[in-house]
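Letters go in sequence order (proteins before strands), and every chain restarts at 1.
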Amino acid sequence: MFLEFKQQVTLILNDAMESLGYGKDDLNLEPSQHADIASRVAFRLASKLKQNPKDIAEKIAKTVAIPNDSYLDSVEAVGPYLNVRANRRYLDETVSRIRHETDGFGGGFCEGKIIIEHTSANPNGPLHVGHIRNSVIGDTLTRILKRVGYNVEIHYYVNDMGRQIAIVSWALSQFEFDTSKKPDHAIADVYIRANAELEAHPEKVAEVERLMQLVESGDDKTIERFDRAVGFAVTGIRKTLLHMNVVHDKFVNESDFVRSGAVSRIVNEIRSTGLTKIDNGALVVNLQDYGFEKSLVVQRSDGTSLYTTRDIAYHEWKGEQAERVIDILGADHKLISGQLKAILNAIGKNEPEIVIFEFVSLPEGSMSTRRGKFITADELFEQVEEQAFVEVEKRRPEMPDKFKKEVAAIVGIGAVRYDIVKVSPEKSTVFNWKEALDFEKQGAPFIQYSHARACSILAKAKDEGLWNPATTVDPSVLLEDSEVALIKKMAQFDNLLDQSARELKPHIFAIYARELADSFNQFYRFVPVISAEDETDRNSRLALVDCARIVLANALDTLGIGAPESM
RNA sequence: GGUCCCGUGGCUUAGCCAGGAUAUAGCACCGGGCUUCUAACCCGGGGGUCGAGGGUUCAAAUCCCUCCGGGAUCGCCA
């Protein structure tokens, strides 16, 4: 809704500027506390025309012609600013569109295919609290992109043949595998033991290297052993992801690209760029033209491939199937992803768009699967849900255990997801149990509660025979400040969704969702709905509550957070 | 040592890329609000040299430089 308004503002202001002889220009439109949208274009024109910005703004405001069928009410010059206000039609149309379009409201304005890859943690153990930052950012971005209209395919790239997996495979032959545990946790146990063993007895490293060579050369027995190891970990990882509402369309194995011959073909393509040379038996690429000082190894001296090389083949394949390829990667991949893009560019392939997030560490230092220093996602969920159960018990003691457990799960996972997604990815964070288990802050439960509150009002009104969702209502009687503010906030949905999608920044939308809940709560406190004396008011307010319910549910869905009807 | 990211009230954080109207919100703190649609809520208050110092500009949290602090990374790991 806001996107249309913004577009109209752009056209109307540009028309005025053209008729004044200023020509079209970037309007520097920005949200403002003084208007529904404001333009700083007068500053820009001032330096260009060597005139007073205040005078320019005034001239534009005077010249502006607002068509009758637009969503604009007025364009006013306040000093050098142009403040634009939306009219009543804008508000009324917002309400009726939400009721009409329901879960499609505010989306569906882009098209094309995108392949997004996220999580892709090595199958050498369970997901830890650092990995799920990747999952939450990736999954939320996926939901945002889907909602704006893209056809999104979600990939998990499974490292099923690297050194780590060779160590896991070797470990399974050395140590007992605890089948009573969740398989990814049991894999971590043997992996950690194996690493300690290899450190104590470096001569055994050769056995691991032997496995890597065998798997690369296509030895069936070894491949089977690797697959078994990977299978255990991936099964557990998928379960964890599902628990947090994260699903992937495809689990793509690295080894596929070796066995299909794609990797050796890519190596030849890289060779043909003339950027390569042999250094100590390894094949290296010179990427100085792309700003990388050091060259990159794309083939080991023993002829086996590396993660990087297999990843190039994978990206070539992805690039052939979609207009856009997006990867969510941790800060440790900053350099390598730049090199990956450079090589793809050098061989004339589509480059991916990379979203980097900074690390999550523990108070005692960085996490490490190898050293067994990590907090698993499963452990976090268990603790959080336990704490959420306590909170539900406090508030709804009369409800059955089943209800409390369900709500605790929805609230717990929601809280974890929201806490992760609300902060911008470039901030590194330190995991803190106290904070993770704190439900008193305005996070997911706050938004979920607003949704439940809206549902509860509607349910009660229905019970009392006061509400029929099919009723035609008159939104123009919604004149209270908090009503207008709520409608305007809901109208912003498409704008924030669009911005998050364009900038690949899910935290922008997460913050909007909280503000939306805030607007609804303020309306709830100030304006009586069921007890409104006037029937027209009551019906319109019930419709407004229904709108809030719909938009809050859409927002929660976009964040991958459950929207309980009662909590 | 080189490169990249971050540094905003006691704590967490938005805004920075595209410089402009009193710097955003939460937690914590202080005060007020449940006989009224679920108080996981709402209203009000105190608290900020936007890491430090220079520069550019009519205007800098935002752009440039230097420094300090934290994180990441720097060929045969992924």
Would you indicate, yes or no, if [N] has its OP1 or OP2 atom less than 4.0 angstrom from a side-chain nitrogen or oxygen of [X]?
| X | N | result |
| --- | --- | --- |
| A:His507 | B:rG15 | yes |
| A:Arg310 | B:rA78 | yes |
| A:Tyr307 | B:rA78 | no |
| A:Arg525 | B:rC41 | no |
| A:Arg300 | B:rA78 | yes |
| A:Lys334 | B:rU73 | no |
| A:Ser428 | B:rA72 | no |
| A:Arg40 | B:rG20 | yes |

Taking the minimum atom-to-atom distance to the side chain of [X], which one of [options] wins?
| X | options | value |
| --- | --- | --- |
| A:Ala452 | B:rA72, B:rA78, B:rU38 | B:rU38 |
| A:Val423 | B:rU13, B:rC11, B:rA78 | B:rU13 |
| A:Glu358 | B:rC77, B:rA40, B:rG71 | B:rG71 |
| A:Leu306 | B:rA40, B:rA21, B:rC76 | B:rC76 |
| A:Gln442 | B:rC43, B:rA78, B:rG26 | B:rG26 |
| A:Lys505 | B:rC17, B:rC27, B:rU73 | B:rC17 |
| A:Gln164 | B:rC42, B:rA78, B:rC6 | B:rA78 |
| A:Tyr524 | B:rU38, B:rC43, B:rC5 | B:rU38 |
| A:Val392 | B:rA40, B:rC76, B:rC42 | B:rA40 |
| A:Glu426 | B:rC6, B:rA72, B:rG2 | B:rC6 |

Between the base of [N] and the side chain of [X], is there a donor and acceptor pair under 3.5 angstrom?
| X | N | value |
| --- | --- | --- |
| A:Lys460 | B:rC37 | no |
| A:Asn521 | B:rA40 | no |
| A:Ser32 | B:rA21 | yes |
| A:Glu30 | B:rA18 | no |

_Taking syn as a glycosidic torsion within 90° of 0 and anything else as anti, which one is B:rG47?_
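Glycosidic conformation of B:rG47: anti.
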
*Identify whether NZ of Lys or CZ of Arg in A:Arg453 sits under 6.0 Å from the centre of the six-membered ring of A:Tyr524 and within 45° of that ring's axis.*
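Geometry flag: set, cation within 6.0 Å and 45°.
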
Atom-pair distance ([atom1] on [X]; [atom2] on [N]), nearest Å:
| X | N | atom1 | atom2 | value |
| --- | --- | --- | --- | --- |
| A:Lys427 | B:rG7 | NZ | C1' | 7 Å |
| A:Leu296 | B:rA78 | CG | P | 12 Å |
| A:Leu335 | B:rG2 | CG | C1' | 12 Å |
| A:Leu340 | B:rU73 | CG | P | 18 Å |
| A:Phe526 | B:rG33 | CZ | C1' | 11 Å |
| A:His333 | B:rA72 | NE2 | C1' | 12 Å |

If you look at every strand shown and take non-hydrogen atoms under 4.0 Å, does [X] touch a base, only sugar-phosphate, or nothing?
| X | answer |
| --- | --- |
| A:Asn83 | base |
| A:Asn280 | base |
| A:Arg395 | base |
| A:Arg370 | nothing |
| A:Ala331 | sugar-phosphate |
| A:Lys441 | sugar-phosphate |
| A:Val527 | base |
| A:Asp311 | nothing |
| A:Ala461 | nothing |
| A:Pro80 | nothing |
| A:Glu503 | base |
| A:Gly79 | nothing |
| A:Tyr81 | base |
| A:Gln33 | base |

*asked:* In terms of relative ring orientation, are A:Phe431 and A:Trp433 parallel, tilted or perpendicular, with 30° and 60° separating the classes?
replied: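 Answer is perpendicular, since the angle exceeds 60°.
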
*When the ring planes of A:Tyr314 and A:Tyr157 are compared, do they come out parallel, tilted or perpendicular, using 30° and 60° as the limits?*
parallel

_Among A:Ile312, A:Thr309, A:Leu296, exactly one meets side chain to side chain contact (heavy atoms under 4.5 Å, CB included) together with A:Leu340. Which residue is that?_
A:Ile312

*asked:* If we check side chain to side chain contact (heavy atoms under 4.5 Å, CB included) with A:Val234, which of these qualifies: A:Asp160, A:Val158, A:Ile187, A:Asn253?
replied: A:Val158

*Is the aromatic ring of A:Phe43 within stacking range of B:rG20, meaning centres under 5.5 angstrom and planes under 30 degrees?*
yes

_Gap in Å between the two P atoms, one belonging to B:rC41 and one to B:rG2, rounded_ =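 Each nucleotide's P atom is 49 Å from the other's.
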
*Provide the closest heavy-atom pair for A:Leu497 versus A:Ile144 in the form atom of the first, atom of the second, distance.*
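Minimum heavy-atom contact is O-CG2, 3.8 Å.
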
_Candidate list A:Glu398, A:Glu391, A:Glu393, test salt bridge (Lys or Arg N to Asp or Glu O under 4.0 Å), partner A:Arg395, passing option_ = A:Glu391

_Of A:Met567 and A:Leu29, the one whose closest RNA chain B nucleotide lies more 5'_ = A:Leu29

_Upstream residue (5' side of RNA chain B) when A:Val411 and A:Met212 are each assigned their closest nucleotide_ =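 The 5'-side residue here is A:Val411.
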
*Give, for atom CH2 of A:Trp170 and atom CE of A:Met212, the distance between the pair rounded to the nearest 0.5 Å.*
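With rounding to 0.5 Å, CH2 (A:Trp170) is 14.5 Å from CE (A:Met212).
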
*salt bridge (charged side-chain N to carboxylate O under 4.0 Å, His left out) with A:Glu197: which residues, sequence neighbours excluded?*
A:Lys204

